[in-house]
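Treat the numbers as computed from the prediction; the structure is a model and nothing was measured.
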Amino acid sequence: MKNFEGSPEARDAAYHFHGYTEAKRHLEVGAMVIERGEGVHVFDNQGNRYIEGLSGLWSVGVGFNEPRLIAAATAQMQKLPFYHNFGHKSHGPAIDLAEKLISMAPVPMSKVYYTNSGSEANDTVLKMVWYRSNALGQPEKKKVIARNRGYHGVTIASGSLTGLPNNHRSFDMPIDRVFHTTAPHYWKEGQAGETEEQFATRCANDLDALIQREGPNTIAAFWAEPVMGAGGVVTPPATYWEKIQAVLAKYDILLVADEVICGFGRTGNMFGTITYDMRPDVMVLSKQITSSYVPFSAILVNERVFGPIAEESARIGVFGHGYTGGSHPLGAAVALENIAIIEERDLVGNVREVGGRFRGKLETLLDHPLVGEVRGVGLIAAVELVDDKATKSVTGPAGKLGGAWNAALQRNGVITRNLGDAVAFCPPMIITAAQADDLFDRAVAALKEVEAEA
């Protein structure tokens, strides 16, 4: 690297500690420095243009330079740049957004609680679950179940809910009370001769067995994404959610739907819970709620959750939890305008139309010698690479092929992310059919490079 007085890349390496990055290698290679965005594209400091194939981090639904969001943020900064909701205080944007979210909820919800990120939101929900169990006189009902390869954040609690090994290694996680059950990935986890419906039954039976083993009276909640995101864009097999929810109902276990990636249109409906007929007690929203222009998140809880918590706060005298930036007026104002844009421009319809077209093109790659599976829904997809189709595996280190394709995509003007040997595609919801075709063509060109190298 050059010394820090030179290039932005060298200065970044000298001073900036990055997330989800190999820290020692970063000192040697430095960063790609992104300077500006325009629609579905971003530009680096060398003037190169890229299709942002992952919407930043699954999150910039309306594109990278939406003037209405900039205007909403500017107007709110001028009027009330900050306020909180402690001690019976509130402000207009928080009230308006709460009312809007409750009206949009696909199942009856009672209240909205604001946080700053998906991680904070899931962390907060776990505290709410424990608080509620105490309120109900069930101090033993504190264990929770998530899924292998599920992703719910990186705080100590939400990172424990996350079911990915690299989020636990060297962090002394997961914490106790958190358990994991089978990932609903039929292509990878299904047994020989097992249909999707049979695999879904086995997933439900695995969950039931875990509950029985730990004790039904000790399990408080089950956490799940409608579609698993960072775990590889895993869509559930047929009948999965019907069978899982039957198990939860049998044991009176809360369902927490982590809609951080799926929410606000990504699956072709406003929420993933609609796409898969889920009936959650809690919904966790973030990312596309503001298109990530402002860090912001929201928790929707039904009366079954809120009522006991309210009663316990009356007994104690306070619900002793909150964040300085929770209910931030800037985030709430931007969220309201972002949701208005999604609705007015029918971006959910665009997701269905363009997403179907794009996934159809990706499915033409199934005959490629390196493509094992194409999966997705709406405008979120993944292509998993293998070099042994019979065993659905990769020779050598995991992530070798996915990392090679990800690097080739960047050389071909696409920024995305490989999740092991699966490469994810989750472009902004404003993408046009022509832009999606361009993205596909670049992906094919990059795959040819990987095939030649392999």
Side-chain angles (χ1 to χ4, degrees), residues 8 16 33-45 47 49-52 54-86 89-104 112-121 260-261 263-266 270 285-300 322-348 350-351 415 426-432 435:
H16 187 182
V33 179
I34 302 298
E35 286 200 332
R36 66 185 183 92
E38 183 179 303
V40 301
H41 297 96
V42 294
F43 299 77
D44 68 19
N45 62 339
R49 186 178 79 161
Y50 304 87
I51 298 173
E52 226 313 341
L54 204 69
S55 299
L57 286 172
W58 322 85
S59 54
V60 184
V62 302
F64 285 86
N65 65 332
E66 173 50 58
R68 284 176 57 178
L69 296 193
I70 297 166
T74 302
Q76 188 59 49
M77 285 286 282
Q78 292 171 336
K79 183 178 182 181
L80 181 69
F82 168 73
Y83 214 70
H84 59 86
N85 66 358
F86 287 24
K89 308 297 190 302
S90 195
H91 52 79
I95 298 166
D96 293 344
L97 180 60
E99 184 177 28
K100 176 65 175 175
L101 292 174
I102 293 296
S103 74
M104 295 173 68
V112 175
Y113 191 95
Y114 295 118
T115 50
N116 301 290
S117 68
S119 294
E120 280 188 2
V260 169
I261 287 176
F264 302 99
R266 182 54 63 181
M270 189 60 77
L285 310 175
S286 191
K287 291 191 183 290
Q288 286 193 159
I289 194 170
T290 63
S291 282
S292 285
Y293 280 42
V294 179
F296 196 77
S297 54
I299 301 161
L300 276 61
Y323 300 97
T324 301
S327 86
H328 200 291
L330 188 62
V334 171
L336 282 162
E337 189 67 10
N338 183 69
I339 293 167
I341 292 168
I342 291 170
E343 291 179 333
E344 291 167 17
R345 298 179 185 171
D346 189 23
L347 293 188
V348 179
N350 193 62
V351 164
I415 295 176
C426 183
M429 297 195 302
I430 62 168
I431 194 168
T432 65
Q435 289 170 332

**Asked** Between Pro93 and Gln76, which heavy-atom pair has the shortest distance, and what is it?
**Response** CG-OE1, 3.4 Å
**Asked** Side chain of Tyr114, backbone of Phe296: donor and acceptor closer than 3.5 Å?
**Response** no
**Asked** Less than 4.5 Å apart, any side-chain heavy atom of Ile51 and any of Ile415?
**Response** no
**Prompt:** If you take all heavy atoms of Leu97 and Ala332, which pair is closest and at what distance?
**Reply:** CD2-CA, 3.9 Å
**Message:** Could you go through His91 and Ser327, starting from their C-alpha distance and side-chain angles, then the distance that decides it, and tell me whether this counts as side chain to side chain contact (heavy atoms under 4.5 Å, CB included)?
**Reply:** CA-CA 9 Å; His91 52 79; Ser327 86; 3.8 Å; yes
**Request:** For Glu343, enumerate each residue passing the salt bridge (charged side-chain N to carboxylate O under 4.0 Å, His left out) test, keeping only those at least two apart in sequence or located in another chain.
**Result:** Lys100
**salt bridge (charged side-chain N to carboxylate O under 4.0 Å, His left out) partners of Lys79, counting only residues at least two apart** = none
**Prompt:** Just by modelled atom types, is the Ile34 backbone N or O under 3.5 Å from a matching donor or acceptor in the Asn45 side chain?
**Reply:** no
**Request:** Just jot down the side-chain hydrogen bond (donor to acceptor under 3.5 Å, both in side chains) partners of Asn65, sequence neighbours excluded, or say none.
**Result:** none
**Request:** Kindly indicate whether the side chain of Thr290, heavy atoms from C-beta on, has any atom under 4.5 Å from the side chain of Phe264.
**Result:** no
**Item:** Non-neighbouring partners of His41 that pass ring pair (Phe, Tyr, Trp, His ring centres under 6.0 Å), sequence neighbours left out
**Value:** none
**Message:** To the closest 0.5 Å, what do you measure between CG (Leu57) and OG (Ser286)?
**Reply:** 11.0 Å
**Item:** Contacts of Tyr293 that satisfy ring pair (Phe, Tyr, Trp, His ring centres under 6.0 Å) - sequence neighbours left out
**Value:** none
**Asked** What residues form a salt bridge (charged side-chain N to carboxylate O under 4.0 Å, His left out) with Glu99, not counting sequence neighbours?
**Response** none
**Contact check, side chains of Leu330 and Leu80, non-hydrogen atoms, under 4.5 Å** = no
**Asked** Less than 4.5 Å apart, any side-chain heavy atom of Val112 and any of Ile299?
**Response** no
**Fill in**
Ser291 meets the side-chain hydrogen bond (donor to acceptor under 3.5 Å, both in side chains) criterion, sequence neighbours left out, with Asn338
**Item:** Residue list, salt bridge (charged side-chain N to carboxylate O under 4.0 Å, His left out) with Glu337, at least two apart or on another chain
**Value:** Arg68
**Message:** Among residues at least two apart in sequence or on other chains, which ones pass ring pair (Phe, Tyr, Trp, His ring centres under 6.0 Å) with Phe82?
**Reply:** His328
**side chain to side chain contact (heavy atoms under 4.5 Å, CB included) evaluation trace for Ile342 with Met270** = CA-CA 9 Å; Ile342 291 170; Met270 189 60 77; 4.0 Å; yes
**Item:** Atom pair CE (Met429) and CZ (Arg266), whose distance is rounded to the nearest 0.5 Å
**Value:** 6.0 Å
**Asked** Judged by atom type as modelled, is there a donor-acceptor pair below 3.5 Å linking the side chain of Lys287 to the main-chain atoms of Ser292?
**Response** no
**Request:** Please name all residues satisfying ring pair (Phe, Tyr, Trp, His ring centres under 6.0 Å) with Phe43, sequence neighbours left out, ordered by chain then number.
**Result:** none
**Prompt:** Should Tyr50 and Asp44 count as side-chain neighbours, where that means a heavy-atom distance under 4.5 Å?
**Reply:** yes
**Request:** Run the numbers on Asn350 and Ile430 for side chain to side chain contact (heavy atoms under 4.5 Å, CB included), then give the verdict.
**Result:** CA-CA 7 Å; Asn350 193 62; Ile430 62 168; 5.5 Å; no
**Message:** For a quick test of reading the model, state the closest non-hydrogen atom pair linking Gly326 to Asn116 and the distance between them.
**Reply:** N-OD1, 3.7 Å
**Request:** Measure the spacing between CG of Asp96 and CG of Leu336 and express it to the nearest 0.5 Å.
**Result:** 6.0 Å
**Fill in**
d(Ile339 CD1, Leu347 CG) to nearest 0.5 Å is 12.5 Å
**Prompt:** Within a strict 4.5 Å, meaning less than it, do heavy atoms of the Ile341 and Leu69 side chains meet?
**Reply:** yes
**Request:** List for me each residue that meets side-chain hydrogen bond (donor to acceptor under 3.5 Å, both in side chains) alongside Thr115, sequence neighbours excluded, and say none if there are none.
**Result:** Ser297
**Asked** Would you say Glu52's side chain and Ser55's backbone share a donor-acceptor pair under 3.5 angstrom?
**Response** yes
**Prompt:** Would you say the side chain of Pro427 lies within less than 4.5 Å of the side chain of Ile431, judging by non-hydrogen atoms?
**Reply:** yes
**Item:** Residues which pass side-chain hydrogen bond (donor to acceptor under 3.5 Å, both in side chains) with Thr432, listed by chain and number, not counting sequence neighbours
**Value:** Gln435
